[in-house]
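This structure is a prediction, so every number in the text was calculated from the model and none was measured. Naming: A, B, ... by sequence-line order, numbering from 1 per chain.
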2 protein chains.
Amino acid sequence: MTMSNTGGRRRPPTIHDVAREAGVSRGTVSRVLNGGHYVSPAAQEAVNAAIRKTGYVVNRHARSLITGRSDSVGFLLTEPQERFFEDPNFNVLLRGCTQALASHDIPLLLMLAGTKDERRRITRYITAGHVDGVLLVSSHSGDPVAEELREAGVPLVACGKPIGLGSKVSYVAADDRDGARDMVRHLLSVGRRRIGVVTGPLDTPGGVERLAGYKEVLAEAGIEIDDRLIVSGDYSRASGEAGAERLLAQAPDLDAVFVASDLMAQGVLTALGRTGRRVPQDVAVGGFDDSSAALAARPQLTTIRQPYDRISAEMVRVLLAQIGGEDPAAVILPTELVRREST
Amino acid sequence: MTMSNTGGRRRPPTIHDVAREAGVSRGTVSRVLNGGHYVSPAAQEAVNAAIRKTGYVVNRHARSLITGRSDSVGFLLTEPQERFFEDPNFNVLLRGCTQALASHDIPLLLMLAGTKDERRRITRYITAGHVDGVLLVSSHSGDPVAEELREAGVPLVACGKPIGLGSKVSYVAADDRDGARDMVRHLLSVGRRRIGVVTGPLDTPGGVERLAGYKEVLAEAGIEIDDRLIVSGDYSRASGEAGAERLLAQAPDLDAVFVASDLMAQGVLTALGRTGRRVPQDVAVGGFDDSSAALAARPQLTTIRQPYDRISAEMVRVLLAQIGGEDPAAVILPTELVRREST
DNA sequence: CATGCTTCTGTGAGCGTTCACAGTAGAGAA
DNA sequence: TTCTCTACTGTGAACGCTCACAGAAGCATG
């Protein structure tokens, strides 16, 4: 009598064990697992009972081996690392994507491609088919990773419109220009006329579009664009502080600043405070993002809310659709003015 | 003449293709891929050339199917979601772990287990063997997920000492008690005597240990412990603010506050500012973590630096060792006082 | 010359799943 | 009856890899 493996190390149950338990074949169990088409109610029930009894969980590796899909997606960050730390938006986005994917039972692989080496390694990993698609967070133009992935035909959804890439890549973005318009209109409505702006990097759509919205509204209001009222930052707190100092030097009479991110707006508040200017009495400050930085700031920031929960949900939806064979799509979501203490 | 697949959809090269190209067998290619033992230099070279030429990348699913390993690890967050957003430490930890794993070519799966449903799903996923091990970020005691994983024998490394679990689980932590001692000694050294404390949750090791360090140093200095100087928070900014208000009500004469996290310290600063107290002139404030919040605060916080880069590196090292069959281990890392403007 | 050892190589089997296909049973139509 | 159609079920054959094993070659030892 040979020893069965009953007493040995517990081996996870396979589809075979389930089939035997349910008194059906592998094929029937597999069909139940994949939607239950062409399965009789009796078999369906028997299989489900057997799955519960055995504690069976599908072996994704075996499945992937034959289907060619990995049933996982990558969340790829090609920004330099500092932004990841500082920017609260990334957290929200990452969490939203993770949860949206989880509801489809799809794990998210976090990929950081800061250095050249990392980029090569990760590109290789992705193009080898180890993930079915990629959620890309990298707004800067000329991102070589994104371009390579697009060429390799990897399903891809960017957060924010990717400037450098051809139009054939999906993206989900908030309506930057419209948000900027709302904010500047709001600043006008509270009586401000000398409105400065700290833009984002001008090689990002957020940088370009928000500045465009600013200019449009001023033009509509018949206010001349004054170049001394326009400076650029890189979305970091420090660059906001530096930007505000340049603004104050070039145009000490300004009575409002529209800042292209909440984090930079924090820096602006610091710089204004240092010169003794009160916010909002002397200078109104409007941010952008409605990130946690907006609430952390003193005074709390009036800002433009980017619907990050919806953005992440849409990114996942579009990506899964694309993995399923649909064409790339662009989704633009509306923003919302959130009024707090700084205006 | 049948059509070869040369003209069809490009199919990724397999180990077979490499073997044919190199003029050796699958087995030899496999041996090269796995360390190159028992392979002649000539074969070694031929295989490497063939790999370069074909652009071969190993199919991890096929490998996993037979080895039983997944060559991936999970980063599991069982905290409620708010903390993830607010706390800058998570970012640092997450990034550090991702990078440390990347250098071993191991992808990180991000797992968020906020709700009961998510917890069940994720436990199932992990115990099914879809990851080789888990990096656990959850300091609260009585975490059911951690306990289940431990029982299931899943390699596990916690960040911070897990109170609830048996001693058989690995963890990496900063020396909380010693850090707290350093900070309180520092406050004493700048002449403070009425030192309040805002602790973390007392069901977390950080909460307990940092308070213990505080008490020890005061005892050594011959200062009586005054319960009115001790309040607890939950590491959130808001709880810091509330805690400071309670402290000020109970002991308006305090001249320093040791706060168990930088984020809470930000709240403390806000509350102090509201009562007109100057920091550090009237009240010195010491934080803990040296997170980005410490630099963002005005004044910038004197704080205890937790070596998160080393913590993440150690977590990964210990986890990989454990996956490799070694026994669980505990690692305690030293902290460092960082003096800034708030003391 | 046989024997053993070490280093290297190829081969068959099998990991757990899905897919294509063949087949069965029953219902309805001719 | 006989045929066709639909609903359902079971059975090989992969998928691409690693592992165990068998064997070959080279060299030293008995």
(Q) Show every side chain to side chain donor-acceptor pair (under 3.5 Å) that has at least one partner inside residues 313-326 of chain B, sequence neighbours left out. (A)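 Checked against side chain to side chain donor-acceptor pair (under 3.5 Å) - neighbours excluded - the pairs reaching residues 313-326 of chain B are B:Ser170-B:Gln322, B:Glu314-B:Arg317.
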Q: Could you check B:Leu135, B:Val137, B:Ile122 and say which one makes a side chain to side chain contact (heavy atoms under 4.5 Å, CB included) with B:Leu76?
A: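 In the set B:Leu135, B:Val137, B:Ile122, the residue that makes a side chain to side chain contact (heavy atoms under 4.5 Å, CB included) with B:Leu76 is B:Ile122.
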Q) Just by distance, do the side chain of B:Glu118 and the backbone of B:Gly114 share a donor-acceptor pair under 3.5 Å? A)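 Yes: the side chain of B:Glu118 pairs with the backbone of B:Gly114.
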Q) So, does A:Asp132 use its side chain to make a donor-acceptor pair with the main chain of A:Asp71 at under 3.5 Å? A)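 Judged by distance alone, yes, a pair lies under 3.5 Å.
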Partners of [X] by salt bridge (charged side-chain N to carboxylate O under 4.0 Å, His left out), sequence neighbours excluded?
X        : value
A:Arg120 : A:Asp117
B:Arg310 : none
A:Asp327 : none
A:Arg121 : B:Asp105

Under 3.5 Å between N/O atoms: give me all the protein pairs with nucleotides 22-24 of chain C, atom names plus distance.
none

Quick test: give all pairs of protein nitrogen or oxygen and nucleotides 25-28 of chain C nitrogen or oxygen below 3.5 Å, distance rounded to 0.1 Å.
none

(Q) Test: salt bridge (Lys or Arg N to Asp or Glu O under 4.0 Å). Region: residues 25-35 of chain B. Which pairs qualify, not counting sequence neighbours? (A)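 Matches after skipping sequence neighbours: none remain.
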Q: Could you label the plane-to-plane angle of the B:His61 and A:His130 rings as parallel, tilted or perpendicular, counting under 30° as parallel and over 60° as perpendicular?
A: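 Answer is perpendicular, since the angle exceeds 60°.
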Please tabulate the protein-to-nucleotide N/O contacts below 3.5 Å involving nucleotides 16-19 of chain C, giving atom names and distances.
residue: C:dG16; atom: N2; partner: A:Ala62; partner atom: O; Å: 3.4
residue: C:dT17; atom: OP1; partner: A:Tyr56; partner atom: OH; Å: 2.4
residue: C:dT17; atom: OP1; partner: A:Asn59; partner atom: N; Å: 3.2
residue: C:dT17; atom: OP2; partner: A:Ile15; partner atom: N; Å: 2.4
residue: C:dT18; atom: OP1; partner: A:Asn34; partner atom: ND2; Å: 3.3
residue: C:dT18; atom: OP1; partner: A:Arg63; partner atom: NE; Å: 2.9
residue: C:dT18; atom: OP1; partner: A:Arg63; partner atom: NH2; Å: 3.0
residue: C:dT18; atom: OP2; partner: A:Ser30; partner atom: OG; Å: 2.7
residue: C:dT18; atom: O4; partner: A:Arg26; partner atom: NH2; Å: 2.8

Distance-only donor-acceptor pairs under 3.5 Å for side chains of residues 106-113 of chain B, two or more places apart:
none

Q: Would you kindly give the NE2-to-P distance between A:His37 and D:dT6, to the nearest whole Å?
A: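 From A:His37 NE2 to D:dT6 P: 17 Å.
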Q | Validation row: A:Val92, A:Asp309 side chains within 4.5 angstrom (heavy atoms) | A |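 Heavy-atom side-chain distance check fails, nothing below 4.5 Å.
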Q | Any residue of residues 38-53 of chain A with a heavy atom less than 4.0 Å from an atom of DNA chain D | A |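 Close to the strand are A:Tyr38, A:Val39, A:Ser40, A:Ala43.
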Q: Please determine if a side-chain N or O atom of A:Thr28 lies less than 4.0 Å away from the OP1 or OP2 oxygen of D:dG10.
A: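 A:Thr28 to D:dG10 OP1/OP2: side-chain N or O found under 4.0 Å.
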Return a table of donor-acceptor pairs under 3.5 angstrom between the side chains of residues 33-51 of chain A and protein atoms on other chains or two or more places apart.
residue: A:Asn34; atom: ND2; partner: A:Ser30; partner atom: O; Å: 2.7
residue: A:Ser40; atom: OG; partner: A:Ala43; partner atom: N; Å: 3.2
residue: A:Asn48; atom: ND2; partner: A:Gln44; partner atom: O; Å: 3.3

